[in-house]
Every structure is written in C-alpha cells, then in structure tokens.
Q: 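Take a look at the following structure, please.
Note: hydrogens, waters and symmetry copies are ignored here, and every other heavy atom, side chains too, is used.
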Amino acid sequence: TIRRGLPFSLILSLPFFLSLSLSHMIFGAGLLNGASQKLEMVSMFHVGDTISYLDLAALIPGGSEALVYATLSGSIGMFVPFKSREDIAFFQHLEMHLRQEAPPICGRDHLSYRSSYIPVKAVIDGDLCEQFNSLDPVKRKAIADELEKGISEVSKQLEEMRTSTAF
C-alpha cells in the first residue's frame, strides 16, 4: 500500500501474522479498542514530489520486479529489492562514503533532503550511488580502498545492479 498525495514514499505492509480473510477485515475487532488491522512501515524515502502512479513491474524480460513510480512533475523512478545481504552492506557503505565525498551542488545535506518529511528507512539512494563514476579518480580510489575493492569492481557492481532491473 502506498499513501498517495504526499511528497515522499511511504510503503506499508501487513504483518506476516495477520489473517487477511475478508470477514476478519470487515468484522475483526482490535485489541483494547485499537485498530483491528495494523500496518508495518517497511520503508520511507523522500522522492522530491508527489507520487501519482505506482506499479509492480519487470522492465526487462527475465529481470527482477521493482516498484515503478511516476510523480506529478513527470519524474519516473523505481524501488528495486536487493538480492543479497552482501549487496545491501556494499551499497550502504558506498552511499555513506558518497555522502561525504560528493556533496550536493546546492549545498544542502543529502540525508536531510531525503529525510525532510520523515526519516529515511530501509532505502539506499541509487542516484547518489551512481555518482561514483563521475567523481575524480583520486576520490574514486579512496572510496574503493575504504570498501576494500578496486575501482573497476565498484563500477561493475553498480552496472550489474542497473542492468539486472532497468536496462
């Protein structure tokens, strides 16, 4: 479920232990007069505009599915699930280093922008990670050394993530 009409993405899901039968959804009673159906917040991320369309789609044949969204101003983006915990750790560290090494042009802190309405949760910013290849070679080498990988390995992992889903 996504809450529309807000300038950020708020993805919610039902807890795994909740029964989804129709009669329970309609006639279920909450504990201590609370809501009978409670949603869990899975992820939060400020996309910069109001999301007007959301769909689960695979953009290439045989590719993994992703949540594709469109905004009122015409931007198109996607939320792509990671395949392994190693990928999550790698991209979290890359994002952390890029926040320090590649400051935004306008001077606003990247994390404060992505968390301007609600704190970022369980999302890694792919646009920020893509800036790795546009950095000067000295900064790329420093970040790759911190990640204990070569520059070509980091670029290859970014390329694999991009081509496995989108193009």
Side-chain angles (χ1 to χ4, degrees), residues 1-20 22 25 35 37-99 101-106 108-135 140 143 147 149 152-167:
T1 305
I2 186 157
R3 181 96 188 260
R4 293 181 186 216
L6 298 174
F8 58 89
S9 166
L10 180 65
I11 299 174
L12 304 170
S13 73
L14 291 168
F16 67 94
F17 56 84
L18 186 62
S19 169
L20 296 178
L22 184 59
M25 295 290 282
Q37 290 80 34
K38 293 187 172 49
L39 300 176
E40 293 179 349
M41 210 163 304
V42 176
S43 67
M44 295 171 281
F45 187 74
H46 176 66
V47 296
D49 199 359
T50 303
I51 294 176
S52 60
Y53 178 78
L54 182 73
D55 195 12
L56 184 64
L59 299 181
I60 58 174
S64 60
E65 288 187 329
L67 279 174
V68 180
Y69 66 87
T71 65
L72 286 177
S73 65
S75 297
I76 298 173
M78 58 192 320
F79 292 101
V80 180
F82 283 103
K83 296 175 182 157
S84 68
R85 294 208 183 269
E86 291 81 24
D87 285 346
I88 294 171
F90 169 77
F91 281 103
Q92 279 180 336
H93 285 100
L94 179 61
E95 181 185 36
M96 180 186 66
H97 289 294
L98 285 169
R99 278 191 190 128
E101 296 295 329
I105 296 170
C106 65
R108 186 172 181 191
D109 180 43
H110 179 267
L111 190 58
S112 69
Y113 170 70
R114 291 296 184 197
S115 301
S116 59
Y117 288 93
I118 195 162
V120 171
K121 177 183 177 186
V123 177
I124 296 171
D125 191 353
D127 290 335
L128 181 62
C129 292
E130 285 290 330
Q131 291 181 8
F132 175 80
N133 291 323
S134 64
L135 292 174
R140 280 191 290 177
I143 291 172
L147 295 171
K149 293 184 181 264
S152 61
E153 291 177 69
V154 174
S155 295
K156 183 179 177 186
Q157 199 155 358
L158 284 166
E159 180 77 19
E160 286 175 2
M161 188 66 184
R162 188 180 326 111
T163 57
S164 70
T165 307
F167 51 91

Q: Can you sort out the partners of Ser155 under side-chain hydrogen bond (donor to acceptor under 3.5 Å, both in side chains), two or more places apart, ordered by chain and number?
A: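 Asn133.
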Q: Quick one: do Lys83 and Ser164 satisfy side-chain contact (heavy atoms from CB on, under 4.5 Å)? Show the steps, please.
A: CA-CA 10 Å; Lys83 296 175 182 157; Ser164 70; 3.4 Å; yes
Q: My understanding is that only residues two or more places apart in sequence, or in another chain, count here; which of them pass side chain to side chain contact (heavy atoms under 4.5 Å, CB included) with Lys121?
A: Met41, Met44
Q: For the atom pair CG (Leu158) and OG1 (Thr163), what is the distance rounded to the nearest 0.5 Å?
A: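 Answer rounded to 0.5 Å: 10.5 Å.
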Q: How many angstroms lie between OG in Ser152 and CZ in Arg140, if you round to the nearest 0.5 Å?
A: 10.5 Å
Q: In chain order, what residues pass the side chain to side chain contact (heavy atoms under 4.5 Å, CB included) check against Ser134, with sequence neighbours excluded?
A: Gln131
Q: Quiz question: by atom type and distance under 3.5 Å, do the side chains of Asp49 and Ser73 form a donor-acceptor pair?
A: yes
Q: Return the set of residues passing ring-ring contact (aromatic ring centres under 6.0 Å, His included) with Phe90 (not counting sequence neighbours), or none when no residue passes.
A: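 ring-ring contact (aromatic ring centres under 6.0 Å, His included) check on Phe90 returns nothing, list empty.
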Q: For residues 85-95, pull every pair meeting salt bridge (Lys or Arg N to Asp or Glu O under 4.0 Å), keeping only residues two or more places apart or in separate chains.
A: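 Residue pairs passing salt bridge (Lys or Arg N to Asp or Glu O under 4.0 Å), neighbours aside: Glu95-Arg99.
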Q: CG/Leu94 to NZ/Lys149 distance, rounded to the nearest 0.5 angstrom?
A: 10.5 Å
Q: So does Ala70 get a backbone contact from the side chain of Ser52, meaning a donor-acceptor N/O pair under 3.5 Å?
A: yes
Q: With sequence neighbours left out, what residues match Gln92 under side chain to side chain contact (heavy atoms under 4.5 Å, CB included)?
A: Ile88, Ile124
Q: Identify the two heavy atoms, one from Phe79 and one from Val47, that lie closest to each other, and give their separation to 0.1 Å.
A: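 Here Phe79 and Val47 meet closest at CZ-CG1, 4.2 Å.
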Q: Could I get the full list of salt bridge (charged side-chain N to carboxylate O under 4.0 Å, His left out) partners for Glu130, not counting sequence neighbours?
A: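 Checked Glu130 against salt bridge (charged side-chain N to carboxylate O under 4.0 Å, His left out); matches are Arg162.
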Q: Would you say that Leu147 contacts Val154 through its side chain, given a criterion of any heavy-atom pair below 4.5 Å between the two side chains?
A: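 A side-chain contact under 4.5 Å exists here.
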Q: Just to verify, what does Met96 make a side chain to side chain contact (heavy atoms under 4.5 Å, CB included) with, not counting sequence neighbours?
A: His93
Q: Students often mix this up, so state it plainly: with edges at 30° and 60°, are the rings of Phe91 and Phe82 parallel, tilted or perpendicular?
A: tilted
Q: Hey, could you give me each pair passing salt bridge (Lys or Arg N to Asp or Glu O under 4.0 Å) that has a residue in residues 60-70? Not counting sequence neighbours.
A: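 Applying salt bridge (Lys or Arg N to Asp or Glu O under 4.0 Å) to every pair that reaches into residues 60-70, excluding sequence neighbours, yields nothing.
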Q: Which atoms form the tightest heavy-atom contact between Pro81 and Ala66, and what is the distance?
A: CD-CA, 4.4 Å
Q: Apply side-chain contact (heavy atoms from CB on, under 4.5 Å) to Phe45 and Asp125, showing your working.
A: CA-CA 9 Å; Phe45 187 74; Asp125 191 353; 3.9 Å; yes
Q: When rounded to the nearest 0.5 angstrom, what distance separates CG in Leu56 from CG in Leu67?
A: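 The CG atom of Leu56 sits 5.5 Å away from the CG atom of Leu67.
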Q: Residues two or more places apart in sequence or in another chain: which of them pass salt bridge (charged side-chain N to carboxylate O under 4.0 Å, His left out) with Glu101?
A: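 Per chain and number, Glu101 pairs via salt bridge (charged side-chain N to carboxylate O under 4.0 Å, His left out) with no residue.
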Q: Can you tell me how far OG1 of Thr50 sits from CG of Leu72, rounded to the nearest 0.5 angstrom?
A: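 Interatomic distance, Leu72 CG to Thr50 OG1, rounded to 0.5 Å: 5.0 Å.
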